[in-house]
Amino acid sequence: MKIKTVPTQPFDDQKPGTSGLRKKVKVFQQPNYLENFVQSIFDSLPDTQGACLVLGGDGRYFNREAIQIIIKIAAANGFSHLIIGQGGLLSTPAASHLIRKNQASGGLVLSASHNPGGPDEDFGIKYNVSNGGPAPEKYTDEFYRQSKIISEYKIAEIEDIDLDSTGEQQIETFKVTIVDPVDDYADLMNQIFDFPLIKKTIESGDITLCFDAMHAITGPYAKRIIEKMLGAKTGSVINATPLPDFGGGHPDPNLAHAKQLADLMFSSDAPTFGAASDGDGDRNMILGNNIFVTPSDSLAIMAANAQLIPGYNRGIAGVARSMPTSQAVDRVAEALDIACYETPTGWKYFGNLLDAGKITLCGEESFGTGSNHVREKDGLWAVLFWLNLLAKTGQSVSDIVHQHWQKFGRDIYSRHDYEAVDLTLANGIFDYLREQLPSLPGKNFGKFTVKFADEFSYQDPVDGSISKNQGIRIGFEDGSRMVFRLSGTGTVGATLRIYLEKFESDPALQDQDAQIALADLIDLAEQLCEIKKRTGRDTPTVIT
Ligand code: G16
């Protein structure tokens with residue numbers, strides 16, 4: 001195989017964010033941009049000689065071209081085996097599973113997750129390590145360091161690989177296996193959940209459902225699993241064909257972006273269950289007939305009911321949530337007498353806890369839930385968990401949620417996002433917040449008295465590594481909390497996130513609209529951070 005060494009210059013903006021490197025497609029299309037980053041990853045790995053790599057993406061614009069380039073760079077860097085999803089497609093959790101199942105040295109997933117796709121939109125690339133999980137910081141720091149000193153990359157001069165036919169293709173000692181993207185993942189789900197029971201309940205009409213794949217990667221997975229294997233009517237999965245631009249939509253499963261589904265679920269024709277997933281299939285949104293389940297509540301409900309699911313019927317070891325996620329799961333952990341860990345935002349922080357067996361379930365407010373079955377959050381897994389729960393209990397989504405609140409209380413929760421904020425303004429807001437932190441504890445703001453105010457820092461209980469500056473937390477004596485963070489996944493300016501939560505133990509007050517229940521806290525957040533005043537905006541870009 002002929003290998004070409006190409007001289008190159010570093011780019012100064014290849015620092016991975018919360019989940020890999022995300023940029024506009026046009027940035028990735030610059031000569032050598034993708035090549036540099038992939039070579040920087042390979043230069044950071046201890047050994048690529050003879051190694052096996054999993055490769056696939058969410059099908060967004062530039063996916064196929066990027067895959068052909070990566071195949072050639074991988075071959076030139078000594079990888080001997082690539083496992084690629086047919087058509088270049090793999091959901092993030094399916095890629096995680098394939099890495100684990102094949103004991104691959106790692107994987108590259110091409111996705112900008114829930115960000116829009118298309119020639120003028122976003123592309124992304126992330127590396128997952130041999131446990132199937134996102135590369136921890138010590139890796140991503142090294143990728144960035146290499147990207148700043150790179151002077152050449154290696155590329156094999158071979159023909160493009162046929163991505164559309166399953167089976168093996170061999171070029172000298174280099175082997176490419178094209179696999180059906182759904183097969184192995186569907187088998188894994190079948191092992192965890194009670195498929196016969198779910199199927200029976202769906203076929204009897206006790207569960208009616210709509211799953212919105214948002215023209216993204218979960219279309220083929222949901223068609224196979226929900227319609228074919230579990231017997232839901234054809235058409236139960238909507239927007240099921242992955243499109244390079246996601247049909248012009250924003251593949252983010254929340255009430256604002258999955259509007260078609262949200263409108264249906266809050267109408268008089270609502271089925272009993274509704275769900276959606278995102279661009280790369282790791283996020284989920286859960287709805288019932290006229291009810292939306294917040295991701296934080298969903299995690300807590302899963303933890304409280306895990307023993308009803310075959311894959312977890314021997315109990316769960318512990319749980320974890322990202323810091324801005326509501327404290328609902330903490331209450332369940334306390335009742336179950338199991339550990340509950342609070343980690344920074346980013347799925348990579350759950351990896352060590354899962355590997356060490358300290359936790360079984362984990363989740364984030366950003367529509368991510370998962371377990372030890374893979375090392376990524378998993379959208380369809382969460383949907384199947386809920387379907388199994390509905391089938392097993394015979395209850396509606398609304399009944400399950402209200403019973404949970406009655407037992408544990410409700411953590412009323414909302415997140416306000418301000419997108420594309422000018423970077424200098426955003427930094428000014430954070431400087432202003434930081435200045436106030438030392439003087440806040442003990443201060444009264446109407447009915448709220450500040451209990452603590454700090455900048456979150458995390459020490460990993462397994463390897464002792466420390467991650468600082470992970471968001472500003474202000475907690476109040478009554479258990480309410482607000483958190484301010486800058487997103488690590490946005491691609492334009494800064495995205496400022498304000499997370500608000502309030503605990504309500506009185507069942508008579510639990511059914512309130514979150515924005516109304518949190519109104520005082522929302523006003524106080526503005527008083528403390530001045531985002532509206534400083535940016536001149538009157539409302540958040542997105543409220544979830
Ligand atoms: C990624 C990470 C998540 C994180 C989310 C939002 O999700 O994997 O752990 O919660 O981004 O991060 P941020 O608040 O920094 O934008 P995804 O689905 O985009 O890969």
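Along the sequence shown, residues are numbered consecutively beginning with 1. Atoms within each ligand, like the ligands themselves, are counted from 1 in listed order. Reckoned from all heavy atoms, side chains included, excluding hydrogens, waters and symmetry mates. If you're wondering where the values come from, they're calculated on a predicted model, not measured in any experiment.
- Residue-level proximity to ligand 1 for Ser19 is carried by the side chain, the only part with a heavy atom below 4.0 angstrom.
- In terms of modelled atom types and a separation under 3.5 Å, the side chain of Ser111 and the main chain of Ser113 share a donor-acceptor contact.
- By the 6.0 Å and 45° rule, Arg22 does not stack over the aromatic ring of Phe28.
- For the pair Lys126 and ligand 1, the shortest N or O to N or O distance does not fall below 3.5 Å.
- Residue Lys377 touches ligand 1 through its side chain alone, judged by heavy-atom distances below 4.0 Å.
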**OP:** Could you walk me through whether Asp120 and Lys26 pass the salt bridge (Lys or Arg N to Asp or Glu O under 4.0 Å) test, one step at a time?
**Re:** CA-CA 7 Å; Asp120 297 316; Lys26 294 228 156 51; 2.7 Å; yes
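- Considering backbone and side-chain atoms together, His114 places an N or O closer than 3.5 Å to an N or O of ligand 1.
- Each of the atoms 13 (P), 14 (O), 15 (O) of ligand 1 lies under 4.0 Å from some heavy atom of Arg485.
- Protein heavy atom closest to atom 11 (O) of ligand 1, with residue, atom name and distance, is Thr489 CG2, 3.4 Å.
- Heavy atoms of Thr495 found under 4.0 angstrom from ligand 1: none, in either backbone or side chain.
- Here is the list of ligand 1 atoms found below 4.0 Å of a heavy atom in Arg497: 13 (P), 14 (O), 16 (O).
- With hydrogens and angles left out, the side-chain atoms of Tyr312 and Asn305 include no donor and acceptor closer than 3.5 Å.
- Of the N or O atoms in Ser113, one or more lie within a sub-3.5 Å distance of an N or O in ligand 1.
- In terms of polar-atom proximity, Asp280 is not counted as a contact of ligand 1, lacking any N or O under 3.5 Å from an N or O of the ligand.
- Under 3.5 Å, the side chains of His97 and Asp184 contain no donor-acceptor pair of N or O atoms.
- Close contacts of ligand 1 with Gly346, meaning ligand atoms under 4.0 Å from a residue heavy atom, involve 9 (O).
- The shortest N or O to N or O distance between Arg283 and ligand 1 is under 3.5 Å.
- Taking every heavy atom of Glu364 and a limit of under 4.0 angstrom, the matching atoms of ligand 1 come to 3 (C), 4 (C), 9 (O), 10 (O).
- Closest approach of Arg283 to Pro253, counting heavy atoms only: CB-CG, 3.7 Å.
- In this structure, Ser322 falls outside the shell of residues with a heavy atom less than 4.0 angstrom from ligand 1.
- Taking the ring axis of Phe503 as reference, the NZ or CZ atom of Arg331 stays within 45° of it and closer than 6.0 Å to the ring centre.
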**OP:** Decide yes or no on salt bridge (Lys or Arg N to Asp or Glu O under 4.0 Å) for Arg321 and Glu364, but give the supporting numbers first.
**Re:** CA-CA 6 Å; Arg321 62 164 172 83; Glu364 300 185 282; over 6 Å; no
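- Scanning all protein heavy atoms for the shortest distance to atom 10 (O) of ligand 1 gives Ser366 OG, 2.7 Å.
- Cation-pi geometry between Lys348 and Phe350 is not satisfied (NZ or CZ under 6.0 Å from the ring centre, within 45° of the ring normal).
- A salt bridge is defined here as a Lys NZ or Arg NE, NH1 or NH2 lying under 4.0 Å from an Asp or Glu carboxylate O, and Glu501 with Arg481 meets this definition.
- Judged by distance alone, the side chains of Tyr458 and Glu342 never bring a donor and an acceptor atom under 3.5 Å apart.
- The ligand atoms of ligand 1 that sit less than 4.0 angstrom from a heavy atom of Arg22 are 17 (P), 19 (O), 20 (O).
- Taking any N or O of Leu486, backbone or side chain, none lies under 3.5 Å from an N or O belonging to ligand 1.
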